[in-house]
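This report concerns only the one structure given below.
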Number of protein chains: 2
Amino acid sequence: MPAISKREQIITEALRLFYQNGFNATGIDRIITEAGVSKKTLYNHFRSKDELVLATLRKRDELFRNNLMRETERLASTPREQLLAVFDVIAAWFQEKGFSGCMFINAAAEFSDTQDPCRIVSAEHKRLVCDYIRGLAEQAGAKDPDNLSKQLNLLIEGAIVCTYVGADSDAAGRAKEMANVFLHSALD
Amino acid sequence: MPAISKREQIITEALRLFYQNGFNATGIDRIITEAGVSKKTLYNHFRSKDELVLATLRKRDELFRNNLMRETERLASTPREQLLAVFDVIAAWFQEKGFSGCMFINAAAEFSDTQDPCRIVSAEHKRLVCDYIRGLAEQAGAKDPDNLSKQLNLLIEGAIVCTYVGADSDAAGRAKEMANVFLHSALD
DNA sequence: TTAAAGGTAAACCGATCGGTTTCTTTTGTC
DNA sequence: GACAAAAGAAACCGATCGGTTTACCTTTAA
């Protein structure tokens with residue numbers, strides 16, 4: 001067993017390519033070339049491209065949420081401050097080179113069947129991010145944590161789209177200001 | 001010259017298929033079959049698939065904004081009410097059968113190059129919608145119409161994503177309530 | 001020592017991709 | 001009725017798609 005398993009190599013490279021260039025636009029041949037792996041090996045680890053796509057989405061969810069939680073808790077110490085810090089974390093994300101929007105929004109755009117496993121994983125990801133925020137809202141003592149978390153989540157999605165599609169360079173900052181308004185009404 | 005030109009037939013069908021199934025996933029053969037048109041005719045009217053995609057996006061922008069303005073002005077009479085009515089219009093859009101999110105968000109997901117003409121048209125569309133809202137905000141006498149329009153626009157984008165990706169069934173209603181908060185601070 | 005497991009490279013598969021070409025038929029106009 | 005433009009049907013192009021197969025090469029553990 002090598003330090004980095006072949007499976008991990010493939011997922012890592014597929015993650016990069018799918019995120020950067022889209023799912024349908026990225027062929028298997030491209031993935032195996034850049035991962036430095038043979039086609040047979042890929043199909044030893046994944047039954048089909050669909051299964052690989054699903055595995056990369058799950059990996060992305062894991063990496064994204066871990067980073068979100070780590071950075072949020074690094075930037076602020078109290079739950080209330082953390083609810084705002086979330087917007088600083090996504091602002092930093094928007095600045096990353098290679099930023100290509102939200103991979104799950106992108107996946108939803110390419111897989112039109114709502115029952116497609118990719119769509120289910122994408123909806124699940126959005127729910128999990130919202131769950132994290134609701135946890136912070138509860139800790140902060142919000143009157144209606146569920147409502148507050150859904151409001152902040154909507155602002156996050158809006159900021160992503162305004163930045164990526166609308167090329168609005170300060171959408172994260174605007175969303176943070178807007179979030180502050182709802183924080184006050186939910187916590188004062 | 002027939003009542004409906006071949007060009008219009010092609011664009012109409014391409015619009016449906018691209019919106020419903022995605023751009024890369026929709027082949028030329030499928031479009032000509034469903035449009036009832038020969039391949040030669042399609043390539044008489046459009047130099048390439050890329051050009052057809054671009055034409056359908058422009059058509060979509062026209063149809064979408066015309067509908068948005070018409071419905072908004074049908075539902076409410078004063079600019080202030082119209083700013084809120086926008087959210088009722090998108091709520092109705094979300095309910096339409098065949099709703100597949102925002103075609104321009106979807107396009108941005110598939111065309112990763114920011115300089116791609118499709119991306120430029122998509123950004124332009126978002127700007128034009130925002131412009132319309134800013135016009136309403138000006139008429140309503142908002143203190144900072146530009147800021148208000150960007151806030152409301154961000155809420156619209158958030159509602160679209162929460163509905164389509166997150167499967168949140170009341171995102172439009174939530175966005176409307178949130179919009180009302182900013183309307184009050186900008187107009188009172 | 002050996003044999004299984006897992007790897008590589010490359011040929012191969014049928015299907016589909018975007019796009020072109022050829023030839024025939026229809027269509028609208030003088 | 002003659003004629004040119006537009007459209008249709010279908011063969012064809014090279015490239016790529018997702019996926020399989022074959023043959024050979026390492027590693028590793030019994």
Side-chain angles (χ1 to χ4, degrees), chain A residues 1-58 106-107 109-113 116-119 121, chain B residues 1-58 106-107 109-113 116-119 121:
Chain A
M1 191 74 152
I4 302 168
S5 78
K6 295 285 170 184
R7 193 169 202 276
E8 291 299 316
Q9 275 181 53
I10 295 167
I11 289 185
T12 299
E13 207 55 41
L15 199 44
R16 224 197 77 234
L17 291 167
F18 286 146
Y19 180 56
Q20 219 65 242
N21 305 117
F23 300 94
N24 283 315
T26 303
I28 291 289
D29 288 344
R30 178 89 188 274
I31 294 170
I32 60 170
T33 301
E34 306 225 0
V37 137
S38 76
K39 203 178 252 198
K40 183 147 190 251
T41 301
L42 187 146
Y43 282 100
N44 272 346
H45 289 286
F46 307 94
R47 285 188 201 162
S48 65
K49 186 187 180 182
D50 284 345
E51 201 175 287
L52 173 59
V53 168
L54 211 53
T56 66
L57 285 175
R58 286 197 235 267
N106 296 351
E110 293 209 52
F111 302 99
S112 44
D113 178 5
D116 188 300
C118 296
R119 287 294 293 275
V121 168
Chain B
M1 192 72 153
I4 301 166
S5 77
K6 294 286 170 184
R7 193 169 202 275
E8 290 299 316
Q9 274 182 54
I10 295 167
I11 289 186
T12 299
E13 207 55 41
L15 198 44
R16 224 198 77 233
L17 291 167
F18 285 148
Y19 180 56
Q20 218 65 243
N21 306 116
F23 300 93
N24 282 314
T26 303
I28 292 289
D29 289 343
R30 177 89 188 273
I31 293 170
I32 61 170
T33 300
E34 306 226 359
V37 138
S38 77
K39 203 179 252 196
K40 182 146 191 255
T41 301
L42 188 147
Y43 281 101
N44 273 346
H45 289 286
F46 306 95
R47 285 189 201 161
S48 64
K49 185 186 180 181
D50 284 345
E51 202 175 286
L52 173 60
V53 169
L54 210 54
T56 67
L57 285 175
R58 286 197 235 268
N106 297 351
E110 293 208 52
F111 302 99
S112 45
D113 177 5
D116 188 300
C118 296
R119 288 293 294 274
V121 167

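All values reported here derive from a predicted model rather than from experimental measurement. Computed over heavy atoms, backbone and side chain alike; hydrogens, waters and symmetry mates excluded. Chain letters run A, B, ... following the sequence lines, proteins first, then strands; residues in each count from 1.
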Item checked: Spacing between Ile28(A) atom CD1 and dA9(C) atom P, to the nearest angstrom -> 17 Å
Next item on the list: Mind calculating the distance between CG (Asp29(B)) and P (dG19(C)) to the nearest angstrom?
Entry: 11 Å
Note to self: Testing the basics here: between Glu51(B) and His45(B), what is the closest heavy-atom pair and its distance to 0.1 Å?
What the structure shows: OE2-O, 4.3 Å
Item checked: d(NZ, Lys6(A); C1', dA9(C)) in whole Å -> 13 Å
Checklist line | Interatomic distance, Ile31(A) CD1 vs dG19(D) P [rounded to whole Å] | finding: 11 Å
Next item on the list: Give the rounded distance in Å between these two atoms: CD1 of Ile10(A) and C1' of dG19(D).
Entry: 14 Å
Note to self: Please check this pair: side chain of Arg119(A) against backbone of Phe111(A), looking for a donor-acceptor N/O pair closer than 3.5 Å.
What the structure shows: yes
Margin query: Regarding Thr26(B), tell me which of base, sugar-phosphate or nothing describes its non-hydrogen contacts under 4.0 Å with the strands shown.
Written below: sugar-phosphate
Note to self: Are Cys118(B) and Leu57(B) packed together at the side-chain level, in the sense that at least one heavy-atom pair is separated by less than 4.5 angstrom?
What the structure shows: yes
Note to self: Does anything in residues 38-49 of chain B come within less than 4.0 Å of DNA chain C? Heavy atoms only, and list the residues if so.
What the structure shows: Lys39(B), Lys40(B), Tyr43(B), Ser48(B), Lys49(B)
Notebook entry, point to check: Rounded to whole angstroms, how far apart are CZ on Arg7(A) and P on dG7(C)?
Noted result: 12 Å
Note to self: Working note: Phe18(B) + Asn106(B), criterion side-chain contact (heavy atoms from CB on, under 4.5 Å); need CA distance, chi angles, decisive distance, verdict.
What the structure shows: CA-CA 10 Å; Phe18(B) 285 148; Asn106(B) 297 351; over 6 Å; no
Checklist line | Side chains of Thr56(B) and Phe46(B) in contact at under 4.5 Å (non-hydrogen atoms) | finding: no
Check: Quick one: does Tyr43(B)'s side chain get under 4.5 Å of Ile28(B)'s, heavy atoms only?
Finding: yes
Notebook entry, point to check: Taking atom P of dG19(C) as reference, at what distance in whole Å does atom CG of Asp50(B) sit?
Noted result: 7 Å
Check: Given atom CZ of Arg30(A) and atom P of dA15(D), what is their separation to the nearest angstrom?
Finding: 18 Å
